[in-house]
Each structure stands twice: as C-alpha cells, then as structure tokens.
Enquirer: 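Sharing a structure here in structure tokens format.
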Amino acid sequence: MAQKIKNNVYFVGKVDWELRTFHGDELSTHHGTNYNSYLIKEQKTVLIDTVWGPFAEEFVQNLSREVDLKKIDAIVILHAEADHSGALPLLLKSIPHVPVYCTPNGAKALKGHYHQDMNLKIVRTGDTLDLGNGKKFVFLEAPMLHWPDTMFAYMPGENILFSNDAFGQHLATDKIWADLIDQAALWDEAIKYYANIIAPWSKLVDSKLKELKTLNWPIEMICTAHGACWRKDIHKIIEAYGAWANAYQENRISILYDSIWGGTRIMADAIAQGIREADSNVVVDVFNTAKHDKNDAATEVFRSKAILVGSPSHNKCMLSSVAKIVEELKGLAFQGKKAAAFGCYGWSGEAQKRLTGLLAEAGYEIVDEGITNLWEPDAEAVRKCVAYGRAFAQRVA
Ligand code: FEO
C-alpha cells in the first residue's frame with residue numbers, strides 16, 4: 001500500500017518487521033528494517049530503488065496496484081546492493097526496456113549481481129532526470145556512503161533529498177517519519193547504523209556534508225532507504241553525521257573481555273572499579289564479547305574515548321570472541337580512540353601482546369602495556385587491577 005510522502009511522491013517500499021540479522025548474519029537488526037522505495041507520479045512516472053529479493057513478488061504486485069507497470073518511465077537505482085535492487089530483475093520481466101539510471105559503479109554492480117541485460121543509463125553528479133511538470137531529479141554521487149556506486153537524488157521544488165543508506169536506521173516502521181518514532185529507539189538505531197555501516201568512510205561523509213552545504217539546496221525532507229525519513233529538525237541528523245564523521249567520542253570507556261574460568265572477568269570488573277574511582281563522570285561499560293551482541297558492543301566502542309580489551313591466553317592466542325570483535329573494530333576504522341589490553345594467563349601469556357598489536361593495527365593509540373595476571377586473581381591482583389584502572393582513567397582523561 002503506497003503512502004504519500006509529499007504531493008506526487010509516494011512510499012512503496014517494504015516494512016520488514018521480522019529481520020533480525022542483515023548482511024547475512026553480520027549485523028544485528030533488533031528492530032527489523034524497512035527497504036524504502038519511492039514512486040514519483042509526475043508527468044513521468046519514476047521509481048526510486050526497489051526492495052530485497054525475498055520480497056520481490058510482493059513488491060511488484062503491490063506496485064502494479066499503484067501504477068500500470070507499463071507506464072513506469074524510468075527506474076533510479078541509487079545503490080545496487082541487493083537490499084535495494086533485489087526486486088529489479090522481477091520488475092524488469094514486465095518492463096525489460098525501461099531505462100535504469102545509476103552511476104558507472106552502479107552499472108558494474110548491477111551486472112555483477114544479476115548477469116542480465118538492462119537498459120542502463122549512466123549518470124554522474126550534476127546530471128538531471130526530467131520528470132515533467134517542471135520537476136526533475138538532480139543526481140549527486142556519494143561514493144563509499146557506503147558503496148562505490150552510491151548516489152543521492154535531489155528533487156528541487158519538493159526539496160526532497162533521497163539519500164539511500166545515508167541517514168538511515170535499521171528500524172521497521174510504517175509511520176514513515178522520524179518524528180513519529182520513539183526517539184530513544186530511533187537515535188539508538190541511527191548511531192548503530194552509522195557505527196557499523198557508515199563509519200569506515202567517515203572522511204567521505206564529512207566531505208559530502210561539506211559539499212551539500214556548498215550546494216545550499218533547500219532540504220525539507222530526507223528520504224532514506226532504511227527506517228524512518230526526516231522532515232522535522234532535519235539539521236539534527238545532519239549535525240549528528242557531522243559529529244559522528246569526525247573522531248566521535250563521548251566521555252565513556254568500554255571494557256570488552258572474554259574469560260575461560262572467570263579470572264579475566266574479575267580483572268575487567270576491578271579495572272572498571274578503578275576507572276570509576278578516578279573519574280566519577282566517565283561512563284564505564286563492561287561487555288563479555290562471547291555473550292554480548294557484537295554490533296551493539298561496536299556501537300558502544302564508537303561512543304567511547306578509550307577501550308580496554310581483555311582475554312586470557314589460550315593455545316598461545318586470544319579467545320575467539322575477542323579476536324572477532326578486534327577484527328570487526330579494525331574494519332570499522334573508528335578514529336581518535338585509545339586502548340590497552342589485559343587478561344590472565346597460566347604459563348606463556350601471548351594473548352595480551354597479540355591484542356595490543358592488533359589494536360595498534362586497528363588504529364587505536366596504545367595507552368600503555370596493559371595489565372596481566374598469572375593464574376586467577378587473588379586479593380592483591382584485584383588491588384593492582386583497581387589501581388591500573390585508576391591510572392588508565394587518568395591517562396585517557
Ligand atoms: Fe541498504 Fe548498502 O544497502
């Protein structure tokens with residue numbers, strides 16, 4: 001069922017209430033998601049993006065109730081990833097010759113995904129698509145926000161920016177607008193989306209925001225490809241992206257650890273106690289990497305100014321759940337964060353050195369050599385961990 005966005009612009013996407021993991025099983029989506037697609041019925045009828053493949057049949061059926069498919073004059077694919085282009089092959093069975101507008105990299109990705117002939121029309125920044133009735137799209141390439149092919153489309157007059165993944169959230173909603181959503185859930189999902197999907201490309205985000213400012217387009221609505229769209233206080237999400245793209249941090253320290261028999265957990269708790277004693281304003285969160293959601297933990301790291309990562313030595317390595325999150329953090333490439341490693345060992349104690357090396361490789365400024373403990377912590381070891389936590393808090397203050 002189409003929902004009106006403004007005048008002749010309609011939402012025709014799919015609300016996926018059930019989705020709990022995205023990108024295969026890489027990304028948790030506790031609140032589901034939307035695959036937002038838009039239908040513009042001006043003199044020309046144009047579709048922006050489609051939905052993920054499993055919903056292709058439903059999408060095409062619903063779309064055919066809104067418009068005679070043969071009357072669609074063009075399809076714009078802002079980003080060729082399967083969650084937005086998945087229904088395109090089925091749709092093109094009904095209208096195989098309809099022009100599909102995309103960037104040069106979009107064309108490569110569509111061919112690479114679907115291996116079928118499409119009437120691709122390549123567009124670049126500044127190119128326009130005339131919609132009739134004095135309306136048009138102006139395209140703005142946005143490479144690596146978050147794929148090389150990504151572009152935005154701006155609709156002057158209606159003053160709508162179609163931003164695809166940027167400014168989105170994995171949040172299933174049929175309410176369309178961000179101002180109608182529970183604000184805590186909205187912003188939790190917006191920052192999680194940025195931290196886990198957009199953050200590696202923060203320099204390009206910053207430059208794209210500056211380019212948008214220079215273009216000085218009046219923007220009344222940002223219509224995203226996931227979650228809710230923005231129509232009130234749009235500056236808040238733009239300013240949030242500006243902050244998130246520039247070595248974002250809050251006065252927080254995250255402690256991530258895994259433990260075999262509980263010794264490294266005792267160290268984590270004692271270090272947290274020391275940090276709190278040294279700085280009552282800093283927020284300290286402690287996560288067991290084997291039990292806590294990886295993407296939620298990564299989001300907390302994104303918000304932190306420093307992290308401590310702990311693992312006992314196990315077969316001369318760190319525990320696998322710790323290795324997993326450290327590899328994840330390397331890919332996410334957060335900027336301006338400090339780190340140190342800790343953990344128990346029984347005889348050789350390789351994990352903390354490996355961890356320190358991997359954290360440095362991931363771009364974290366190593367605060368110190370961290371702290372280790374032979375066998376299980378006794379009262380004296382706990383005292384040393386508390387003292388270490390106090391010192392760490394002072395070093396990262
Ligand atoms: Fe929502 Fe990059 O796809």
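All ligand and atom numbering here is 1-based and tracks the order in the structure. Heavy atoms only: backbone and side chains are in, while hydrogens, waters and symmetry mates are out.
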Enquirer: Taking the six-membered ring for Trp and the full ring for Phe, Tyr or His, determine whether the centres of His79 and Trp147 are under 6.0 Å apart.
Expert: yes
Enquirer: Using a strict cut-off of less than 4.0 Å between a Lys/Arg side-chain nitrogen and an Asp/Glu carboxylate oxygen, indicate whether Glu327 and Lys324 qualify as a salt bridge.
Expert: no
Enquirer: Taking the six-membered ring of Phe287 as reference, does the cationic atom of Lys294 (NZ for Lys, CZ for Arg) lie under 6.0 Å from its centre and within 45° of its axis?
Expert: no
Enquirer: Would you call Arg231 and Asp179 a salt bridge, using N to O less than 4.0 angstrom?
Expert: yes
Enquirer: What protein N/O/S atoms are there under 2.8 Å from atom 2 (Fe) of ligand 1, waters excluded?
Expert: His79 NE2, Glu81 OE1, His146 NE2, Asp165 OD2
Enquirer: Less than 4.5 Å apart, side chain to side chain, heavy atoms only: is that true for Val67 and Leu47?
Expert: no
Enquirer: Which of parallel (below 30°), tilted (30 to 60°) and perpendicular (above 60°) describes Phe162 and Phe137?
Expert: perpendicular
